[in-house]
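Chain A is the first sequence line, chain B the second, and so forth, proteins listed ahead of strands; every chain is numbered from 1.
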Amino acid sequence: MSKVLTSRKENYAQWYNDLVIKADLAENSSVRGCMVIKPHGYAIWEKMQAELDKMFKATGHSNAYFPLFIPKSFFSREASHVEEFAKECAVVTHYRLKKDPEGKGIIVDPDAKLEEELIIRPTSETIIWNTYKNWIQSYRDLPLLINQWANVVRWEMRTRLFLRTTEFLWQEGHTAHATKNEAIEETLKIIHIYADFAENFMAMPVIKGTKTEIERFAGAIETYAIEALMQDGKALQSGTSHFLGQNFAKAFDVTFTDKTGKLDWVWATSWGVSTRLMGALVMAHSDDNGLIIPPKLAPVQVVIIPIYKNNQELTRITEIANQLKSNLESTGISVKYDDRDTQTPGWKFAEYELKGVPVRLAIGPRDLENHTVEVVRRDKLSKEIIQQDKVIEQVKALLVDIQQNIFQTALKRKKDNTYYVDDYDEFKQIVEGDGGFIYAHWDGTSETELKIKEETKATIRCIPVNNKPEKGKCIYTGKPSTQRVIFAKAY
RNA sequence: CGGGGUGUAGCGCAGCCCGGUAGCGCGCGUCGUUCGGGACGACGAGGUCGUGGGUUCAAAUCCCGUCACCCCGACCA
């Protein structure tokens, strides 16, 4: 088989980049830091969107859409929010271009300067809370459970396809509640949805936990996150859910009258996952031959490839293939029959492997003789010859098995790369070596967290939600600690 | 913003040091033979050498400016 990808061992970052491009998921655009998401990549994102959207709606949320632009003054309302995002905002200052009077081309019309500059949203809390102010007066207006699918812009220094791009797609939920407890429950409900989606659809095991003060979202009281371990031993934050307390309600003066007639600020949450999940999906499962997409998110679950020497053969194969296709489709499986005569079978095999189609069926002259089909599963690349009348049930079972198998493989990898460490030298060795999740004691101070980050580049990914209390000594300072937290190098 | 690098055909690159009017691989087109793991042959199309200026009889090549992008760091979902 010809090699089109850099191997993971050789250069993991290069492998990732090659794969995203060769599998036709996305490419760099001519706009700095911005990618073009290509049809195959976008189809996977659409599957993700569809599943998540279903989950949000099943838990009472509705979709809405707020403006891309945010007046600059909105940003100054919430102090920590400004501090966090100010340094990576794109700003619109003018509303018109004109012909360059000096020469060729066009220039920004200096007479068309905006009274107040507009920020291109890096996240929508401010515009949304400014709007919610008008929507909420009474406890009868609560809870307000809204999600939006949108694009946002964060002017990052360095970008990588899907993992960090200047513009990215995401969903952001913004909810308002009458009580603190209800808002906290909402925050947790969402982080559970994210974890459920990651594990059951993306087949990617995650750890749910809270963030330390340093890693917390700007303006949040508590940030919950799901953290996943990639094949290179680095952690990827894959979704966050924030309990915002009354911070934004106070900043935007959103009050309501409760049942007893008392006026109070509302309690808020916000939460999001982005196209970064695409990067997570790629890195969680794929191998040196290409993508491995879990069947539940694969735009095409089964591809059928004919092998023939002449038109007569093709006609007979097509008849069988179409029959299989419609039978499979009637059970809800998505199938593509690729009978293009412009590519050879070998070329197609390699191509669909690269693109991660979970199951491949090949039908050739031998199969016409024997009433068989060759079945290949992408995750293990194993081949099997089966009878044509067994295809439907076998493929159905196979898709379930692949989904489970890649989850189990990822789970095992996570387990094999999880360490409990009490010695700082050992800690450093692991971080500098193959990486992984390291459970270690920490004295709870930001100072220690920063020192460790400085010395090792590892950060506290989260404090797991189901953490067992355990007495110990901080790995860095030796001060007493009551539980272990998870360290890792992060994307 | 600090350090390093690159702009030559759709993509990946060579040519530059030593100036003489542009080449390779892949891809693309036509035809034929192929087709059970990225087929082969023949013919063919395709380039203001990032951009502006300078030196020269002559510039992809030398000099000055400029723009863009990539990699490493600080920042980050």
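Distance noted for atom C1' between B/G27 and B/A39: 16 Å (whole Å). To the nearest whole angstrom, the two P atoms, one in B/A59 and one in B/C1, are 35 Å apart. Nucleotides B/G15 and B/C71 place their C1' atoms 24 Å apart, quoted to the nearest Å. Going from the P atom of B/G20 to that of B/C63 covers 15 Å, rounded to whole Å. Between B/U51 and B/G41, the two C1' atoms lie 43 Å apart (nearest whole Å). Taking atom P in both B/G54 and B/G47, the straight-line distance is 27 Å, to the nearest Å. With both ends at atom C1', the span from B/A9 to B/G29 equals 15 Å, rounded to whole Å. Rounded to whole Å, the P atom of B/G19 lies 35 Å from the corresponding atom of B/G2.
Sorted by residue number, the list of members of residues 189-203 of chain A with any non-hydrogen atom under 4.0 Å from RNA chain B is empty. Residues from residues 204-217 of chain A placing a heavy atom under 4.0 Å of any atom in RNA chain B do not occur.
We find that CZ of A/R160 is positioned 16 Å from C1' of B/C75, with the value rounded to whole Å. Atom P of nucleotide B/G38 and atom CG of A/D24 are separated by 21 Å, given to the nearest angstrom. Taking atom NZ on A/K348 and atom C1' on B/A39, their separation rounds to 14 Å, with Å as the unit. The interatomic distance linking A/W155 (CH2) with B/C1 (C1') rounds to 16 Å, in whole Å. For the pair A/E454 CD and B/G73 C1', the interatomic distance rounds to 14 Å; values are reported in whole Å. The distance from atom CE of A/M35 to atom C1' of B/C70 is 18 Å, rounded to the nearest whole Å. Atom CG of A/D338 is separated from atom P of B/G37 by 16 Å (rounded to the nearest Å). Atoms CD (A/E88) and P (B/C1) sit 17 Å apart, rounded to a whole Å.
In this structure, A/W347 has its ring center at least 6.0 angstrom away from the ring center of A/F349. Ring centers of A/Y132 and A/F252: at least 6.0 Å apart, outside the cut-off. In summary, the aromatic rings of A/F248 and A/H81 are positioned with their centroids under 6.0 Å apart.
Both A/G33 and A/K87 lie near RNA chain B, and the one whose nearest nucleotide falls closer to the 5' end is A/G33.
A cation-pi geometry, defined here as NZ or CZ lying under 6.0 Å from the six-membered ring centre and within 45° of its normal, does not hold between A/K325 and A/Y337.
Evaluation of the ring pair (Phe, Tyr, Trp, His ring centres under 6.0 Å) rule for A/W271 yields A/F56, A/H61 as partners, not counting sequence neighbours. Remark: A/N467 pairs with A/Q483 by the side chain to side chain donor-acceptor pair (under 3.5 Å) rule, at least two apart or across chains. The side chain to side chain donor-acceptor pair (under 3.5 Å) search around A/Y42 returns none, not counting sequence neighbours.
Contacts of A/R360 with the nucleic acid, taken as non-hydrogen atoms under 4.0 Å apart, include base atoms. Using a 4.0 Å heavy-atom criterion, one finds that A/L236 contacts no nucleic acid atom at all. Nucleic acid contact for A/E227: none, since no nucleic acid atom lies under 4.0 Å from a heavy atom of the residue. Nucleic acid contact for A/E156: base, since at least one base atom lies under 4.0 Å from a heavy atom of the residue. Base engagement by A/T165 is indicated by at least one non-hydrogen atom pair under 4.0 Å involving a base atom.
Salt bridge A/K414/A/E227: absent, no basic N to carboxylate O contact under 4.0 Å. With respect to the salt-bridge test (charged N to carboxylate O, under 4.0 angstrom), the residues A/K489 and A/D232 do not qualify. Ionic pairing of A/E353 and A/R378 is not present here: no N-O contact between side-chain nitrogen and carboxylate oxygen is shorter than 4.0 angstrom. A salt bridge links A/E51 and A/K54; the closest N-O separation between the charged side-chain nitrogens and carboxylate oxygens is under 4.0 Å.
Across all strands shown, nothing is found opposite B/C18 as a Watson-Crick or G-U wobble partner with both distances under 3.5 Å. The partner of B/U66 is B/G50, by the rule that a Watson-Crick or G-U pair needs both atom distances under 3.5 Å. When both pairing distances are held under 3.5 Å, B/C31 makes a Watson-Crick or G-U pair with B/G41. Base pairing of B/C13 is made with B/G23, judged by Watson-Crick or G-U wobble geometry with both donor-acceptor distances under 3.5 Å. Base pairing of B/C1: its partner is B/G73, meeting the Watson-Crick or G-U wobble criterion (both donor-acceptor distances under 3.5 Å).
Residue A/R32 places its side chain closer to B/C69 than to any other of B/G38, B/C69, B/G37.
With hydrogens and angles left out, the side-chain atoms of A/S270 and A/H242 include no donor and acceptor closer than 3.5 Å. Side-chain atoms of A/D53 and A/N63 form a donor-acceptor pair, as typed in the model, at a separation below 3.5 Å.
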Between protein and nucleic acid, restricted to nucleotides 27-36 of chain B and to nitrogen or oxygen atoms under 3.5 Å apart, what atom pairs and distances do you find?
residue: B/G36; atom: O6; partner: A/G364; partner atom: O; Å: 3.2
residue: B/G36; atom: O6; partner: A/P365; partner atom: N; Å: 3.0
residue: B/G36; atom: O6; partner: A/R366; partner atom: N; Å: 2.5
residue: B/G36; atom: O6; partner: A/D367; partner atom: N; Å: 3.2
residue: B/G36; atom: O6; partner: A/D367; partner atom: OD2; Å: 3.3
residue: B/G36; atom: N1; partner: A/D367; partner atom: OD2; Å: 2.6
residue: B/G36; atom: N2; partner: A/D367; partner atom: OD2; Å: 3.4

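Minimum heavy-atom separation, A/G279 to A/L163: CA-CD2, 3.8 Å.
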